[in-house]
Every structure is written in C-alpha cells, then in structure tokens.
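The structure appears right after this line, and notes come after that.
In the text below, chain A, chain B and the rest are named by the order of the sequence lines, each starting its count at 1.
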There are 2 protein chains.
Amino acid sequence: MYRIGLFSKMTKVTIKALRFYEAEGLLIPDYIDSESGYRYYSSSQLPLAYRIVSLRQCGFPVAQIRQIIAGKNIAKLFVEQRSKLEEEVVETARRLTSVNHYLDSVANAENTSYDIVLKELPSVLVYSCRMVVDSYDDYFTVIPKIGEEISRANPDLCCVDDPPYCFIMYHDGEYRDQEIDIEFCEAVASRGKETERISFKEIPAVKQAACVMHKGPYSALSYAYGALFRWIEDNKLIMAGNPRESYIDGIWNKSHSENEWLTELQIPVTTG
Amino acid sequence: MYRIGLFSKMTKVTIKALRFYEAEGLLIPDYIDSESGYRYYSSSQLPLAYRIVSLRQCGFPVAQIRQIIAGKNIAKLFVEQRSKLEEEVVETARRLTSVNHYLDSVANAENTSYDIVLKELPSVLVYSCRMVVDSYDDYFTVIPKIGEEISRANPDLCCVDDPPYCFIMYHDGEYRDQEIDIEFCEAVASRGKETERISFKEIPAVKQAACVMHKGPYSALSYAYGALFRWIEDNKLIMAGNPRESYIDGIWNKSHSENEWLTELQIPVTTG
DNA sequence: GGTCACTCTCCAGTTTGGGGAGAGTCAACA
DNA sequence: TGTTGACTCTCCCCAAACTGGAGAGTGACC
C-alpha cells in the first residue's frame with residue numbers, strides 16, 4: 001500500500017490529479033483511513049492508473065474515460081475521438097498557415113496585413129441585376145441607375161438593414177479588367193415587381209467563405225483579392241462559388257474620404 | 001451606429017463575446033449611452049472586429065491579441081504562436097495514432113489492449129551487474145544471487161523505495177532468446193562497496209520513454225513488447241536507448257499467482 | 001517532546017465565453 | 001397615450017481539468 005505521494009511518483013500523476021480522479025470516480029484508492037483520511041493505493045491499481053494516463057494522452061475527456069473504463073461504448077468512443085482528432089489536425093494546420101501568412105506580411109514589412117476570416121454566409125433574398133460592364137469605373141454610373149429603376153417599379157420596397165447587405169457577385173472565373181460579368185444584388189425583406197433587367201431571387205447559404213475587410217479606395221481592392229486568393233491556396237482550400245464584394249461604407253455615406261470606405265470580399269470555399 | 005445585436009450579426013460575433021471583448025479591452029464600443037447603458041458600434045470598428053476574429057481563428061489567446069492590437073511584440077508573438085501550433089500538430093498526430101492503435105486492438109477483438117504512455121524517466125543511482133545469460137529462465141536463479149552478493153558486500157545498503165525501481169536493461173539491439181546481454185539494476189540511496197561483478201553508476205534521465213504496464217506471467221511479455229514497438233513505429237518515433245523491464249510485483253511479493261505480476265516496459269524514444 | 005515531511009479539506013483561480021434571471025429601453029402600433 | 005414585443009442591460013453561475021495556497025492534522029524519526 002502506497003500513500004498518495006509515492007503513488008504519484010510511481011505513476012507520474014500529480015497528487016492533485018489523483019485526488020481529482022478519485023472525486024470523478026475514475027480511480028478510487030484501495031483503502032482510505034477513516035480517521036486520518038489518508039488515501040492508500042495498491043500496486044494492483046497501477047494498470048488502471050496507466051490506462052487513465054494513456055487515455056488522457058489520447059485527449060479523451062474524463063467523462064469518456066469513465067465510460068471506457070466501465071466498458072461502455074468503447075468502439076464508438078474511439079471512433080468519435082478519431083474523427084475529432086482528424087478535424088483537429090486539419091484545423092491546426094489551417095491556423096498554422098494563417099499565422100505564416102501574417103508572418104510573411106510582417107517580414108515583407110507590408111503596411112497593411114489582411115485579417116482573413118472563415119465564416120458562414122446565410123441565405124438571403126435579393127433583387128439582382130446581371131450585366132456586363134466595360135470597366136470598374138462604370139460601377140459609379142450603373143449602380144445608381146439600378147437603384148432608381150427598382151424603386152420606380154417598387155416604390156415601397158423595403159431593403160433589409162439588419163444588417164444591410166449590398167454586393168456584386170463576379171461571374172467571371174478569374175480576374176478581368178474589361179467586359180466584367182457582374183451581378184449586382186441587394187438584400188430585401190420580400191419579393192416585389194420585377195423589371196426587364198431586375199429580378200428577385202434567393203441566394204443559398206454558403207457554409208464556409210473566406211472573407212477579408214478592405215478599408216480604403218477601390219483601387220487598392222486588388223491587393224486584398226491577392227492576399228485572399230493566396231490565403232485560400234495556401235490553406236489548400238477550393239473556391240466553391242463566385243466571389244462577392246460587399247459594400248459597407250462608400251461614397252453614399254462617407255463621401256468626404258475614400259480612405260474610410262469599407263468593402264468586404266467574400267469567397268465561398270470548401271476543403272474539397 | 002449599430003446596436004450590439006446588429007453589430008453581432010454583421011461580424012458573426014455573439015453578443016456575449018462582444019461584451020467580453022469590451023471587458024477585456026479589445027473592442028470598446030464607439031459610444032455607450034450613459035443612461036441606458038446601451039452599446040453603440042460604428043462601421044469603422046468592423047476592421048478591428050475582423051482582426052480580432054481572425055486572430056482568434058489563429059488560436060491566439062485574448063491577452064496576446066491585446067498586445068498585437070497595441071502593436072507590441074508582433075513578430076515575436078507570431079513566431080511563438082507558430083511554434084506552438086507546430087507542436088500541436090505533432091501532438092495531435094500522436095494522439096490520432098494512439099487512438100487508431102486502440103481501435104486496431106478493438107477490431108481484432110484482442111482480449112487485452114495495451115495502455116501505452118509517454119513519460120519522463122528521471123536520473124537514478126543504481127548498483128548494476130551486466131552479464132550474458134542463456135535464456136530468460138535463468139533470471140530466477142541469477143538475480144537472487146546478485147541480491148545476496150550485494151548485501152554481503154554492503155550489509156547496510158539502502159535500496160530506495162520511494163518508489164522502488166528494480167529493472168533489467170537490454171543491451172542487445174533486438175530481441176534474442178538466447179545469450180541475452182542484460183544489465184540488472186536496482187536504485188539505491190547512495191554508493192557502496194563494489195564487487196568484481198557489481199558496480200555503482202548513475203543512469204542519466206530520459207526525456208521521453210514509451211511505457212507499457214504488463215500484468216501477468218513473463219511468458220506473455222512478448223505481446224506487450226510487440227504492441228510497444230508497433231506503437232513506437234506507428235508514431236514515427238525512434239528508439240533512443242536500451243529498453244528496460246521494471247519489476248513491480250512478482251514472485252517475491254505475489255508468489256501465489258503469476259496473473260498478479262506487474263512489469264513495466266520502458267523504451268526511451270525521440271522524435272528524431 | 002520536537003521537528004519535519006507529508007497529507008487532509010476547502011476555497012479560489014485559470015480561459016472564453018454560454019445560459020438564464022430580473023429589470024430596464026426602444027420603436028411601433030392601436 | 002398606453003401597450004406590446006423585441007432588444008438590451010447587469011449580475012451570477014457554469015464549464016474542464018486541474019493548480020495553488022491556507023490552515024490544520026498525521027506519521028516517523030531523533
């Protein structure tokens with residue numbers, strides 16, 4: 001019979017942890033002196049202690065270990081743990097890539113480092129207008145016209161603003177700077193009257209999109225695109241939908257300074 | 001100016017998290033109504049919110065993010081995080097291998113599954129006797145003789161028993177069942193008189209050893225060795241020292257039943 | 001009997017928020 | 001103007017797997 005300190009040395013489990021495992025019902029001392037409260041362990045408990053340590057080193061939480069020791073759902077628990085760990089490997093690799101990305105921009109002494117985020121895009125009801133424009137400069141003339149057209153056809157159409165979502169979706173497979181095939185969209189609360197060019201549609205949700213916020217004039221958007229595409233590639237992700245450019249702050253509310261404009265780039269991705 | 005619920009939707013950060021980030025000094029609302037206590041965020045805070053989300057997705061704890069936002073130690077923090085994540089990848093891969101090992105033994109319906117553990121072996125002062133024996137059966141005759149010899153030379157030699165550590169180290173590169181080159185060792189409190197065959201020495205610490213507890217007669221030890229070697233190989237670890245067989249319970253204290261005997265196998269390893 | 005190492009129980013803290021109670025606020029609608 | 005419903009506030013408790021410390025009791029040795 002060993003006292004807790006000795007058993008702790010034998011198993012390399014701290015005294016605190018041994019007491020914790022007792023409270024959790026994992027490893028009850030062979031004998032507890034009812035007068036002093038001293039715990040006494042026997043060598044025949046070493047295999048169980050080892051089993052606990054081994055399962056902890058596999059990353060099992062205590063509740064699962066309790067079940068495994070009791071012989072319940074053993075295969076199921078191991079299979080679940082395997083898939084949990086497999087996900088964890090992928091996730092950690094992704095984090096590593098992102099950190100390396102940040103380190104690259106630090107090393108290159110770039111003045112802006114892009115904060116790229118993975119998130120879900122919920123499904124959304126929009127009015128949309130697809131068209132081919134000559135150049136990016138056309139946006140400033142074309143888009144206001146769409147706004148006029150839709151509100152003429154639907155005087156009391158209600159665009160959602162909780163939050164607002166107004167974006168252009170790029171239908172070209174890759175970057176172009178002329179004859180750009182775009183679809184202008186704005187989230188609305190409900191469908192309205194369509195016109196020849198403008199229709200209503202539900203854009204389905206996207207499970208994962210790589211997103212980056214760009215602050216400043218549109219002329220610098222290409223750097224953000226560059227960083228975002230590089231990030232996606234480095235993370236071995238695959239583009240799974242058309243990129244969107246969501247306009248948050250712009251000439252309509254921050255006309256005094258292009259530097260305050262905010263645009264979010266969103267690219268649906270999958271792990272393949 | 002957006003209220004917290006809207007800002008939460010825009011950033012995909014929960015309200016709870018936004019309040020938490022405020023308490024932590026990461027993201028202070030642009031304006032707080034002193035009467036109602038309502039928090040109001042502005043769109044110009046979106047980039048900061050993004051930055052926080054992005055860094056959290058990289059696995060940074062809040063304290064580090066606070067420093068990064070403040071522009072302190074940026075490069076250092078990223079480098080540290082990189083090495084932390086690199087370790088984590090290795091560790092998770094190891095866990096995955098171990099879980100797969102368990103699953104193998106479940107799938108093969110083996111009656112015993114071995115609980116393999118990585119641990120440190122501290123340095124230890126021992127008396128030791130190296131010899132070549134014909135077969136494993138010789139242990140039972142040879143070892144008692146060593147015990148007699150050492151206590152004849154050192155009548156009041158004190159073997160440590162906090163905890164006791166008595167083992168055989170195998171000097172053959174691989175498994176043999178005859179002419180086995182072994183070194184019998186037992187931990188002692190201090191050096192004593194040496195004999196022709198028995199000397200005192202300090203065995204250096206081992207940073208990592210893969211260990212398994214074997215319960216039962218010595219004839220079944222080979223299965224434990226098999227499992228242990230397979231585990232080491234699957235984990236892409238490299239043997240970094242001679243295997244040890246540590247005798248915990250045996251004929252000396254559990255003479256009534258071989259099934260109660262406990263032996264721990266210890267193999268020093270490195271990640272290469 | 002004194003000393004020292006060991007052990008006991010109980011409480012607090014770690015991290016990143018989640019859940020809920022009870023109360024106050026805002027905007028719209030009748 | 002009153003009411004309703006959605007939102008928000010603060011405050012408190014909870015998680016996981018322990019670690020650290022306080023204050024008190026125990027065991028062994030000199």
| field | Residue whose nearest DNA chain C nucleotide is more 5′ - B/D33 or A/K16 | value | A/K16
| note | B/E35 atom CD is separated from D/dC9 atom P, nearest whole Å, by 15 Å
Please list, one pair per line, the donor and acceptor atoms closer than 3.5 Å that link side chains of residues 56-69 of chain B to other protein atoms, with sequence neighbours excluded.
residue: B/R56; atom: NH1; partner: B/F60; partner atom: O; Å: 2.7
residue: B/Q57; atom: OE1; partner: A/L118; partner atom: N; Å: 2.9
residue: B/Q57; atom: NE2; partner: A/L118; partner atom: O; Å: 2.9
residue: B/R66; atom: NE; partner: B/E24; partner atom: O; Å: 2.9
residue: B/R66; atom: NH2; partner: B/E24; partner atom: O; Å: 3.3
residue: B/R66; atom: NH2; partner: B/E24; partner atom: OE1; Å: 2.8
residue: B/Q67; atom: OE1; partner: B/N73; partner atom: ND2; Å: 2.8

| Nucleotide C/dA27, atom P - distance to CE of B/M1 in whole Å | 14 Å
| field | B/R39 side chain near D/dT8 phosphate (N/O to OP1/OP2, under 4.0 Å) | value | no
| query | Rounded to whole angstroms, how far apart are CZ on B/F20 and P on C/dG19? | reply | 15 Å
| task | Looking at every strand, decide which applies to B/R19 at a 4.0 Å heavy-atom threshold: base, sugar-phosphate, or nothing. | result | base
| message | Please report the distance, rounded to the nearest Å, between CD1 in A/I32 and P in C/dC6. | response | 21 Å
| task | Determine yes or no for a side-chain-to-main-chain donor-acceptor pair under 3.5 angstrom, with A/N154 supplying the side chain and A/K193 the backbone. | result | yes
| message | Please report the distance, rounded to the nearest Å, between CG in A/L26 and C1' in D/dA16. | response | 13 Å
| remark: Per atom distances to the B/R56 side chain, the nearest of D/dT10, C/dT7, C/dT16 is C/dT16
| What is the distance, rounded to the nearest whole Å, between atom CG of A/D162 and atom C1' of C/dC26? | 15 Å
| request: May I ask you to evaluate whether A/R3 reaches the phosphate of D/dT26, defined as a side-chain N or O under 4.0 Å from OP1 or OP2? | output: no
| request: Specify whether A/W252 and A/Y247 have parallel, tilted or perpendicular ring planes, treating 30° as the upper limit for parallel and 60° as the lower limit for perpendicular. | output: perpendicular
| said: On the nucleotide C/dG17, are OP1 or OP2 found under 4.0 Å from the side-chain N or O atoms that B/T14 carries? | reply: no
| request: Nearest whole angstrom, please: distance from the C1' of C/dT7 to the OH of A/Y38. | output: 4 Å
| request: Measure the CD1-CD distance between A/I248 and A/E260 for me, rounded to the nearest 0.5 Å. | output: 13.5 Å
| query | Looking at A/F78 versus B/Y102, is the centre-to-centre ring distance below 6.0 Å? | reply | yes
| query | Closer to the 5' end of DNA chain D via nearest nucleotide, is it A/P61 or A/S36? | reply | A/P61
| request: Using a cut-off of strictly less than 4.0 Å, decide whether B/Y21 has a side-chain nitrogen or oxygen near OP1 or OP2 of C/dG17. | output: yes
| Distance, rounded to the nearest Å, where B/L18 contributes CG and D/dT10 contributes P | 13 Å
